[in-house]
Undergrad: 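One structure is given below, represented as structure tokens, and several questions about it will come after.
Below, chain A is the first sequence line, B the second, and so on; all start at residue 1.
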Amino acid sequence: MSRYNFRETETKWQRRWADLGSFAARHEPSRPKYYVLEMFPYPSGKLHVGHVRNYTMGDLVARYRRALGFNVLHPMGWDAFGLPAENAAIAEHVHPGAWTRENIATMRGQLQRMGFSYDWSRELAACDPDYYKHEQKMFLDFLAAGLAYRRESWVNWDPVDHTVLANEQVIDGHGWRTGAPVEKRLLPQWCLRITAFSDSLLDSLRTLDRWPERVRLMQENWIGRSEGARVKFALAGKTPGNANGPIEIFTTRPDTLYGASFLALSPHHPFAQALARKDPALAEFIAECDRLGTSEAAIEAAEKRGHNTGIEAIHPLDPNSRVPVYIANFVLMEYGTGAIFGCPAHDQRDLDFARKYGLDVIPVVLPPGEDPATFAVGDTAYVDDGTAFNSDFLDGLSVADAKRVIGERLESTGAGQRTIQFRLRDWGVSRQRYWGCPIPVIHCGDCGIVPVPAADLPVELPADVTFDKPGNPLDHHPTWKHVNCPKCGKLGRRETDTLDTFFDSSWYFLRFCSAHAPIAFERDEAEYWMPVDQYIGGIEHAVLHLLYSRFFTRALSRCGYLDLDEPFAGLFTQGMVCHQTYQSQNGEWLFPEDVSETGGGKFVDGSGLPVIAGRLEKMSKSKKNVVGLERIVETYGADTARLYLLSDSPPERDLEWTETGIEGIWRYVNRLWRMVTEPAAPLPAPGTAIPNDVSPALLALRRQIHKTIAAVSNDLDQFRFNRAVARIRELTNALDDLPGTDAGAGAVLREGLETTALLLGPMMPHFAEELWQTLGHGIWIAEAKWPVADAALARDDQVTIAVQVNGKLRATLDLPRDTAKDAIEAAALGLPQITRLLDGKPPRKIVVVPNRIVNLVA
RNA sequence: GCGGACGUGGCGAAAUGGUAGACGCAGCAGACUUAAAAUCUGCUCUCCGACAGGAGGUGCCGGUUCGAGUCCGGCCGUCCGCACCA
């Protein structure tokens, strides 16, 4: 019995594809293009099977689109800057560049072994000066356009590592690496003005109809548009020092202004800071607030606290009414104006605060059905719609009407104006790290911030750095930062912060369009290939990378690089590959291959110690529940692994990796291989016409072949890969039960096997090539056309119609397609079991859906 | 707290409002074999029944419909995102 020799076959075809240059994309404006891209990986070491699921999907799409006749661009590169390289440098005493390049070589080899159809001539790495020099030019263009700027902002500071941490790197208020409590610090930061595009980024989400709804929602929430008003409160009496009014607040509920009982300001509000200079108690209160981390957990745990300044503000609509001004720990400086008015009756936080400090609770919105004379707010603020009362000229209006009327009044009296507030904040891109793109500016004592002249780009990272002390190695370097000011020639200082690595990944898809251009990218080539038709990656980038890239494309367009808003027309977010986790009794994670199973349970290999089997979790190095790609490819081949990754779960859902699952695919591969190499009926020569007079059973098989072509094409268009695989396997099962062994049977079998090979091509390219060649063809599947279903054959001429009585299935009818309604009715009523169920009486009602069902209502 | 997704056999899953469980994994029985592996055949939602056939069944409770896994309302559960955003 012959077994499929994947080892020889896969390397053979990979060599041939490379020799032919099958996957090199050429700029051919006359041809329809298709740009398919998987999110480029961080070169962290070795790939495991969990990594290759999305590359398998991307390759399927690329090969499918090629077969359909598109000019396909399918590139691959490396998101090669980042902190893990620096950590490796510290732990293993290797240079981050050497470590990164070694990992790239390993992972490139692994991807090539999988047979992915990348245009390797366009490969790029973000750490290559040839790449990042363009990025530095972009930064300078953004600076000139006012899209990049420097400002002081509050950041998470790790006091041990001496570096800024992103919010994601703060765990329970502590640095993820050092465990030290994170401090809030006010630091100068380079920022990108993403908020300049808030409206556009929000509005055009509607146009991204090939993006998952959930990603669009996440971005919508992240951008967070709210309509409200800014209102000025003048201060009563004299205020100390240079702490002057009025105080402007932001609210989304101006309709509740008559319920105001206090103002609350952020500890970082300039007014609060000014007061603190004269008020040691307030200064101490603010310092205490700062000691709490900025992390969610720390904020959640903190109780609401305020400091009464003793100052009173004058109600903007009623000069006789005064409210106290508090500094409160729950007001964010970054949102709105950093100040709010408290309306305890209709906001839960304000209510909690008011109860704690004994402030008034004045209801101004009456819930439907309540009596204004008796309605009172207890422990729960009333936040829903109702009728305004206790509110002078607003009385009797609904919440929406009251908002409108008071907005008009505020604007006419000059006390405030209606505004739109976004939650989105500008993107801080400064990182105090070595392994990133240097920010190309020079600080000069006389000239201030001076851009590095274009002719001096790239600003390259120095190779001779040390990691022996905490902080930024660029800052410690003995000479690198000491340069002369390009403007005045005096000694200046180079910027030692590097760019957030999300900057690198915000434009790589443009670089792929002309990867060797002397400029960032050739405009005509970018405008031919862009937007990316199908982007594939993990849901973890739903906001960060995908939002940054959308911003970047707009920013580059504003700077004249191209004319495009949306970089990714289609997005697919794939599920993760999961695997059982194992721990030893002392809590150490164990690799699956170190666990052996005997009748009595699971044990650590060799030692006989019992193993605790844990949850199914995403494959990750830290939990050691990874399955190495090498072993799988060595045991089953790349194609078998690829088909398994596509077949077992819908692509957007998580997939559990099981050894039995991949073994099942391997059995299928060999079964199909035998069906081709030892056919059940003699196969006619390739291209031989199928006789018209084959038996009804063979005709039915031909119908199934053509129905499968139509269904699989449809499934692939809709990313329903698991269902496509199931349909192909169904066809294989039908071909295996070939009715007959004569010449007609052989001809139909050939049609079926050829179709199977072509349909499997995008999923199992090496195997499909080998099947195709074994079937007597010479052309590569990589270049062959996608099969087209014969419309007449793909349509059934006989249909099975379900017969229901009162909605319950009682019988089925086999009738010619498109049988008339009354004929179906008659046939159903003629069935003896139906007559019996109806007791011989005529039904009260008959529903007939042609070709589908007939329902008799008794 | 706000927003969203999901809930179907022992397991992964199929099913334009129209025959629930395709395809596969695991399991059971059998064939081939000295034996094993590999391979092949059959069975495999639950209950009643020898069969034919019948009854029930898609988290729970209701509704719309000739007909609901699918649509609507309310619960319960799981997962994800955001979260002192005024």
Undergrad: Give one of base, sugar-phosphate or nothing for A/Glu656, where a contact means two heavy atoms less than 4.0 Å apart.
TA: nothing
Undergrad: Suppose you measure atom P in B/G59 against the same atom in B/A68; what distance do you get, rounded to whole Å?
TA: 15 Å
Undergrad: Which value, in whole Å, describes the distance between the C1' atoms of nucleotides B/A14 and B/C25?
TA: 15 Å
Undergrad: Would you mind classifying the nucleic acid contact of A/Arg425 as base, sugar-phosphate or nothing, using non-hydrogen atoms under 4.0 angstrom?
TA: base
Undergrad: Could you go through A/Tyr357 and A/Phe262, starting from their C-alpha distance and side-chain angles, then the distance that decides it, and tell me whether this counts as ring-ring contact (aromatic ring centres under 6.0 Å, His included)?
TA: CA-CA 10 Å; A/Tyr357 292 102; A/Phe262 64 94; 8.8 Å; no
Undergrad: Taking the C1' atom of each, how far is B/G12 from B/C75, in whole Å?
TA: 29 Å
Undergrad: Is the closest side-chain donor-acceptor distance between A/Tyr335 and A/Ser226 under 3.5 Å?
TA: yes
Undergrad: Rounded to whole angstrom, note down the C1' distance from B/G17 over to B/C66.
TA: 12 Å
Undergrad: Can you check the A/Gln348 CD to B/A86 P distance for me, whole Å?
TA: 15 Å
Undergrad: Any idea which of B/G3, B/A14, B/C23 is nearest the A/Ala726 side chain?
TA: B/C23
Undergrad: Compare the minimum distances between each of B/C40, B/G4, B/C66 and the side chain of A/Val847, then state the nucleotide with the smallest one.
TA: B/C66
Undergrad: Nearest to the side chain of A/Ile853, heavy atoms from C-beta on, is which of B/G56, B/U19, B/U39?
TA: B/U19
Undergrad: So which nucleotide does B/U78 pair with, by the Watson-Crick or G-U wobble rule with both distances under 3.5 Å?
TA: B/A5
Undergrad: For a quick check of understanding: with a heavy-atom distance under 4.0 Å over all strands, which category does A/Arg423 fall into, base, sugar-phosphate or nothing?
TA: base
Undergrad: Find the partner of B/A20: check Watson-Crick (N1-N3 plus N6-O4 or O6-N4) and G-U wobble (N1-O2, O6-N3) distances, both under 3.5 Å, and reply none if neither fits.
TA: none
Undergrad: What is the distance, to the nearest angstrom, from the CH2 atom on A/Trp666 to the P atom on B/G24?
TA: 18 Å
Undergrad: Looking at B/G10, which nucleotide sits across from it as a Watson-Crick or G-U wobble partner, both distances under 3.5 angstrom, or is there none?
TA: B/C25
Undergrad: Looking at every strand, decide which applies to A/Asn733 at a 4.0 Å heavy-atom threshold: base, sugar-phosphate, or nothing.
TA: sugar-phosphate
Undergrad: So does A/Tyr668 get a side-chain nitrogen or oxygen closer than 4.0 Å to the phosphate oxygens (OP1/OP2) of B/G24?
TA: no
Undergrad: Identify whether any heavy atom of A/Arg720 sits under 4.0 Å from a base atom; if not, whether one sits that close to sugar-phosphate; answer base, sugar-phosphate or nothing.
TA: sugar-phosphate
Undergrad: Tell me which nucleotide among B/G81, B/U19, B/C66 gets nearest to the side chain of A/Asn855.
TA: B/C66
Undergrad: So does A/Lys808 get a side-chain nitrogen or oxygen closer than 4.0 Å to the phosphate oxygens (OP1/OP2) of B/G56?
TA: yes
Undergrad: What is the distance, rounded to the nearest whole Å, between atom CG of A/Leu217 and atom C1' of B/C2?
TA: 12 Å
Undergrad: Partner lookup for B/C40, please. Criteria are Watson-Crick or G-U wobble with both distances under 3.5 angstrom; report none if nothing qualifies.
TA: B/G30
Undergrad: Just call it for A/Asp352: base, sugar-phosphate, or nothing, with non-hydrogen atoms closer than 4.0 Å on any strand.
TA: nothing
Undergrad: Let's go through A/Phe6 and A/Tyr636 carefully: what are the C-alpha distance in whole Å and the side-chain angles of both, what is the deciding distance for ring-ring contact (aromatic ring centres under 6.0 Å, His included) to 0.1 Å, and is it a yes or a no?
TA: CA-CA 8 Å; A/Phe6 63 84; A/Tyr636 304 103; 8.0 Å; no
Undergrad: Say we look at B/U70 and B/C61: how far apart would their P atoms be, to the nearest angstrom?
TA: 13 Å
Undergrad: Test your reading of the model: is there a side-chain donor-acceptor pair from A/Arg727 to the backbone of A/Val712, 3.5 Å cut-off?
TA: no
Undergrad: What is the distance from CZ of A/Arg852 to P of B/U70, rounded to the nearest Å?
TA: 17 Å
Undergrad: For the backbone of A/Pro267 and the side chain of A/Asn329, can you confirm whether one donor and one acceptor N or O come within less than 3.5 Å of each other?
TA: no
Undergrad: Would you mind pulling out the nucleotide paired to B/U70, Watson-Crick or G-U wobble, both distances under 3.5 Å?
TA: none
Undergrad: Within the structure shown, what part of the strands sits under 4.0 Å from A/Thr800 by heavy-atom distance: base, sugar-phosphate, or nothing?
TA: base
Undergrad: Expressed in angstrom and rounded to an integer, what is the separation of A/Leu856 atom CG from B/G18 atom P?
TA: 18 Å
Undergrad: For B/C84, give the paired nucleotide (Watson-Crick: N1-N3 plus N6-O4 or O6-N4; G-U: N1-O2 and O6-N3; both under 3.5 Å), or none.
TA: none
Undergrad: What interatomic distance, in whole Å, is found between C1' of B/U41 and the corresponding atom of B/U78?
TA: 41 Å
Undergrad: Can you tell me the distance, in whole Å, between the CD atom of A/Gln804 and the P atom of B/G17?
TA: 16 Å
Undergrad: From B/A13, B/C40, B/C25, pick the nucleotide closest to the side chain of A/Pro650?
TA: B/A13
Undergrad: Atom CZ of A/Phe330 to atom C1' of B/C84: distance rounded to whole Å?
TA: 7 Å
Undergrad: Does A/Arg667 have a side-chain nitrogen or oxygen under 4.0 Å from the phosphate oxygens OP1 or OP2 of B/C25?
TA: yes
Undergrad: Now, which nucleotide makes the Watson-Crick or G-U wobble pair with B/U64, with each of the two distances under 3.5 Å?
TA: none
Undergrad: Starting at the 5' end of RNA chain B and moving along, which residue's nearest nucleotide shows up first, A/Lys845 or A/Asp654?
TA: A/Asp654
Undergrad: Scan A/Gly224 against the nucleic acid and name what it touches under 4.0 Å (heavy atoms): base, sugar-phosphate only, or nothing.
TA: nothing
Undergrad: Expressed in whole Å, how much space separates the C1' atoms belonging to B/C60 and B/G42?
TA: 39 Å
Undergrad: Identify which nucleotide among B/A86, B/C66, B/G56 has an atom closest to any side-chain atom of A/Val857, counting heavy atoms from C-beta outward.
TA: B/C66
Undergrad: Determine: side-chain N/O of A/Arg810 to OP1/OP2 of B/A55, distance under 4.0 Å, yes or no.
TA: yes
Undergrad: A/Asn329 side chain: which of B/C84, B/G3, B/G24 is closest?
TA: B/C84
Undergrad: Only pairs with both distances under 3.5 Å count, Watson-Crick or wobble alike; so what is the partner of B/A52 in this structure?
TA: none
Undergrad: Among B/C84, B/U19, B/A38, find the nucleotide with the atom closest to the side chain of A/Ala802.
TA: B/U19
Undergrad: Can you figure out which of B/A86, B/C40, B/U19 approaches the side chain of A/Arg674 most closely?
TA: B/C40
Undergrad: Taking for each residue the nucleotide of RNA chain B bearing the nearest heavy atom, is the 5' side occupied by A/Arg653 or by A/Val849?
TA: A/Arg653
Undergrad: Below 4.5 Å, heavy atoms only, C-beta onward: do A/Pro850 and A/Lys821 meet side chain to side chain?
TA: yes
Undergrad: For A/Gln219 and B/G81, give me the distance from atom CD to atom P, rounded to whole Å.
TA: 15 Å
Undergrad: With a 4.0 Å cut-off on heavy atoms, is A/Val331 in touch with a base, just the backbone sugar-phosphate, or nothing at all?
TA: base
Undergrad: Does a side-chain N or O from A/Asn722 land closer than 4.0 Å to OP1 or OP2 of B/A14, or not?
TA: yes
Undergrad: With a 4.0 Å cutoff (strictly under), does any side-chain N or O of A/Ser226 reach OP1 or OP2 of B/A86?
TA: yes
Undergrad: Whether the side chain of A/Asn806 engages the backbone of A/Val857 through a donor-acceptor N/O pair (distance < 3.5 Å, no angle test) should be reported.
TA: no
Undergrad: Angle class for the A/Phe721/A/Phe719 ring planes (parallel below 30°, perpendicular above 60°, tilted otherwise)?
TA: tilted
Undergrad: Using 4.0 Å as the upper bound for N to carboxylate O, is an ion pair formed by A/Lys618 and A/Asp654?
TA: no
Undergrad: I'd like to check A/Trp666 versus A/Thr635 (side-chain heavy atoms, cut-off strictly below 4.5 Å). Are they in contact?
TA: no
Undergrad: Taking the same atom, P, in B/A22 and in B/A83, what whole-Å distance lies between them?
TA: 44 Å
Undergrad: State which of B/C84, B/C82, B/G3 makes the closest approach to the side chain of A/Trp222.
TA: B/C82
